[in-house]
Every structure is written in structure tokens, then in C-alpha cells.
J.: 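After the C-alpha cells below, expect a handful of questions from me.
Just so we're clear, the structure is a prediction, and the values are computed from it rather than from any experiment. Side chains are part of it too, since the values below use all heavy atoms of this structure and drop only hydrogens, waters and symmetry mates.
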Amino acid sequence: TVAFTPTNAYARAAINQLCDEIGNKLGSVSVEDCRRQNLHLSGHFSVRDRPLAIKEYPPTKAKRPLGRILVIGGIHGDEYSSVSVVFKWMDILNIHHSGLFHWHFIPLSNPDGLLQPSSQRQNARGVDLNRNFPSADWAELAHTYWQKRTGNDPRRYPGPAPASEPETRFLVEEMAAFKPDIIISMHAPYGLIDHDGPP
């Protein structure tokens, strides 16, 4: 995937199309709910050329932010509420953003998985994006885990190579550029926090 800088008219049309699809798919997020967020194009696209959209809540100029927070929704396309919760969270920040934190939101990181007629966990190439990140031990463990622990479950296929998918590459690039202090990846449906960070 090659990032590019779109024109304003192109960007608005692409975001409007994405919002039309999201609003027509999810009962909890309408087309208007999506459009009023004023999402921006990242310059990156999914396998099926849907835009990977982002929204920023910058710190106020007079304050040094207490931290940078990256919020990711919809990495699994069949986890509808993970997308809905991120949209509701942005609604809250639209009113109550204090400027104490610098936020980046990616409300739907797997648009192809969500927006096809029958939503699926994986992206359009059948890759579980959550298992496609280029971890230090990916080459030795990803396929072994997939084969032995999941029995080659297609819903958990890690892909042919680390960061082989455009959606994963976008997320990796966003993490490297934004350098978040905290990453919150919303999933569904369990009511728990799986904390992988430092103590």
C-alpha cells in the first residue's frame, strides 16, 4: 500500500461512502452518526480499497498532554460492538475533550470484514489481522500456533507473512508515527480487560 494525500473533495466522498456502508450495516451507528465525526483519510486502504479512516483529538496548545492514546476498533469484522463503542466514545470526546490527552481513533480497522454481506472476523484475504502483527517471534510461532492450537481454524489464520496485510501495515505505521503511550484495542463480546502492557 502506498500512502497518498487526497484532495478535499475526494477525501469527503470517500469518507461519506464509508459512512454510508457503516450506517447501513450497524444498527447502533447511523450514517449521520458516522458523518458527524468528521473522520479523515489516513491515505491507506483495505484490500478492497475501502479507506482506513482516523480521527484525532489533539492536546490543547497551552497544555503538555499527559499521554498519547491510540484507540482501535473493529479489527475483527464480526465484532460489531467494538466499532459501536468506539463511535460512542468519540461522541463523548466531541463534548468533553479536555485537551489533557492526545487521542487518535481508528474506529474501523477491518472495513472489509465488517462491511461484506456476511461479516467475518478476517479481512478480505481471510487473514486474522490480530495475528498478523510483526512480533519478534512471528516467524517461529504464528503458523505453529495456528496449526497446533487452533487446528488450522480459518478464522485465526495469521497470514502468509508478518504484516502481509495493508490494514496491519497501516496500524503498524500509525503506532510508529504516533508513538502512543497506551493502545486500546476494542474487541467483543466479553466483559474483560486483557492487559498486555508493562506492570
Side-chain angles (χ1 to χ4, degrees), residues 1-58 69-95 97 102-130 132-133 159 163-175 177-178 180 183-188:
T1 301
V2 176
F4 79 107
T5 304
T7 65
N8 287 341
Y10 175 87
R12 186 52 34 215
I15 292 296
N16 284 345
Q17 174 62 36
L18 179 66
C19 284
D20 289 348
E21 289 191 86
I22 292 170
N24 288 313
K25 183 71 175 193
L26 298 178
S28 57
V29 179
S30 69
V31 172
E32 186 50 41
D33 290 338
C34 180
R35 287 187 179 185
R36 79 165 171 264
Q37 295 303 334
N38 293 313
L39 299 172
H40 298 282
L41 291 186
S42 65
H44 296 266
F45 296 85
S46 70
V47 170
R48 293 201 173 128
D49 290 324
R50 288 186 174 101
L52 298 170
I54 191 165
K55 182 165 185 179
E56 178 180 21
Y57 294 85
I69 305 169
L70 174 62
V71 180
I72 301 168
I75 201 163
H76 290 144
D78 58 357
E79 297 177 1
Y80 291 16
S81 61
S82 74
V83 179
S84 299
V85 167
V86 172
F87 273 97
K88 302 305 180 197
W89 196 338
M90 290 188 298
D91 275 341
I92 292 167
L93 279 181
N94 288 340
I95 299 167
H97 176 48
H102 190 175
W103 301 83
H104 278 198
F105 280 79
I106 301 167
L108 179 54
S109 53
N110 181 9
D112 296 344
L114 173 71
L115 298 173
Q116 61 183 345
S118 181
S119 298
Q120 67 180 32
R121 176 185 177 96
Q122 315 93 304
N123 75 348
R125 290 198 282 237
V127 174
D128 180 350
L129 299 176
N130 208 42
N132 189 239
F133 286 90
S164 59
E165 306 309 297
E167 301 91 345
T168 312
R169 288 193 299 275
F170 162 60
L171 292 170
V172 169
E173 288 177 23
E174 172 63 18
M175 290 172 199
F178 184 48
I183 298 170
I184 301 170
S185 181
M186 298 294 293
H187 289 260

J.: Name all residues meeting the side-chain hydrogen bond (donor to acceptor under 3.5 Å, both in side chains) criterion together with Thr168; count only those two or more places apart in sequence or in a different chain, and write none if there are none.
T.: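 side-chain hydrogen bond (donor to acceptor under 3.5 Å, both in side chains) check on Thr168 returns Asn132.
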J.: If I take atom CG from residue Leu129 and atom CG from residue Asn123, how far apart are they, to the nearest 0.5 angstrom?
T.: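 Leu129 atom CG to Asn123 atom CG measures 4.5 Å (nearest 0.5 Å).
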J.: So, do Cys34 and Phe87 sit near enough that their side-chain heavy atoms are less than 4.5 Å apart?
T.: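 Result yes, sub-4.5 Å side-chain heavy-atom pair found.
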J.: As a test of understanding, state which of Ile75, Ile183, Leu70 forms a side chain to side chain contact (heavy atoms under 4.5 Å, CB included) with Leu171.
T.: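 The passing option is Ile75.
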J.: For the atom pair NE2 (His76) and OG (Ser185), what is the distance rounded to the nearest 0.5 Å?
T.: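 One finds 8.0 Å between NE2 of His76 and OG of Ser185.
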J.: Starting at CZ of Arg36, measure out to OG of Ser30 and round the result to the nearest 0.5 Å.
T.: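 Atom-to-atom, Arg36:CZ and Ser30:OG are 6.5 Å apart.
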J.: Taking Glu174 for its side chain and Ala177 for its backbone only, find out whether a donor-acceptor pair lies under 3.5 Å.
T.: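 The answer is no, because no donor-acceptor pair under 3.5 Å joins these two groups.
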J.: Just verifying a value: how many Å separate Leu26 CG and Leu108 CG, rounded to the nearest 0.5 Å?
T.: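 So the gap between those two atoms works out to 8.0 Å.
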J.: Evaluate side-chain contact (heavy atoms from CB on, under 4.5 Å) for Ile106 paired with Glu167, printing each intermediate quantity in order.
T.: CA-CA 11 Å; Ile106 301 167; Glu167 301 91 345; over 6 Å; no
J.: Hey, is the main chain of Arg121 close enough, under 3.5 Å, to the side chain of Asn110 for a donor-acceptor pair?
T.: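 A pair under 3.5 Å: yes.
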J.: Short question: side chain of Ser82, backbone of Gly74 - any donor-acceptor pair under 3.5 Å?
T.: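 Yes: the side chain of Ser82 pairs with the backbone of Gly74.
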J.: Could you please spell out the steps behind the side-chain contact (heavy atoms from CB on, under 4.5 Å) verdict for Glu56 and His40?
T.: CA-CA 9 Å; Glu56 178 180 21; His40 298 282; over 6 Å; no
J.: First locate atom CG of Leu52, then atom CZ of Arg169, and finally report the distance between them rounded to the nearest 0.5 Å.
T.: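 So the gap between those two atoms works out to 10.5 Å.
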J.: Are Ile69 and Pro180 packed together at the side-chain level, in the sense that at least one heavy-atom pair is separated by less than 4.5 angstrom?
T.: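 No, side chains not in contact.
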J.: Return the CD to CG distance between Gln122 and Asp78, rounded to the nearest 0.5 Å.
T.: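 The CD atom of Gln122 sits 7.5 Å away from the CG atom of Asp78.
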J.: Between the side chain of Lys25 and the main-chain N/O of Pro117, is any donor-acceptor distance below 3.5 Å?
T.: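 Checking the backbone N and O of Pro117 against the side chain of Lys25, a donor-acceptor pair under 3.5 Å is found.
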J.: Classify the ring geometry of Phe105 against Trp103: parallel below 30°, tilted from 30° to 60°, perpendicular beyond 60°.
T.: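 If you compare the ring of Phe105 with that of Trp103, the planes turn out parallel.
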J.: Taking Leu114's backbone N and O only, do any of them form a donor-acceptor pair with Ser119's side chain (distance below 3.5 Å, no angle check)?
T.: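 Yes, the answer is positive, given that a donor and an acceptor are paired below the 3.5 Å cut-off.
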J.: Apply side-chain contact (heavy atoms from CB on, under 4.5 Å) to residues Tyr57 and Val71 and explain how you reach the verdict.
T.: CA-CA 11 Å; Tyr57 294 85; Val71 180; over 6 Å; no
J.: Got a sec, which residues hit side-chain hydrogen bond (donor to acceptor under 3.5 Å, both in side chains) with Arg125, two or more places apart in sequence or on another chain?
T.: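 By the side-chain hydrogen bond (donor to acceptor under 3.5 Å, both in side chains) rule, Arg125 matches Glu165.
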J.: Strictly distance-based, threshold 3.5 Å: is any side-chain N or O of Lys55 a donor or acceptor partner for the main-chain N or O of Met90?
T.: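 No, because the side chain of Lys55 does not come within donor-acceptor range (under 3.5 Å) of the backbone of Met90.
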J.: For the pair Ser42 (side chain) and Ala53 (backbone), establish whether a donor and an acceptor sit closer than 3.5 Å, ignoring hydrogens and angles.
T.: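 No; zero donor-acceptor contacts below 3.5 Å.
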J.: Do the non-hydrogen side-chain atoms of Ile22 and Asp33 ever get within less than 4.5 Å of each other?
T.: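 Not in contact.
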J.: Over all heavy atoms of both residues, which pair between Asp112 and Ala124 is shortest? Give the atoms and the distance, please.
T.: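 That would be OD2-CB, 3.7 Å.
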J.: For Arg50 and Glu21: C-alpha separation, side-chain torsions, deciding distance, then whether side-chain contact (heavy atoms from CB on, under 4.5 Å) applies.
T.: CA-CA 10 Å; Arg50 288 186 174 101; Glu21 289 191 86; 2.9 Å; yes
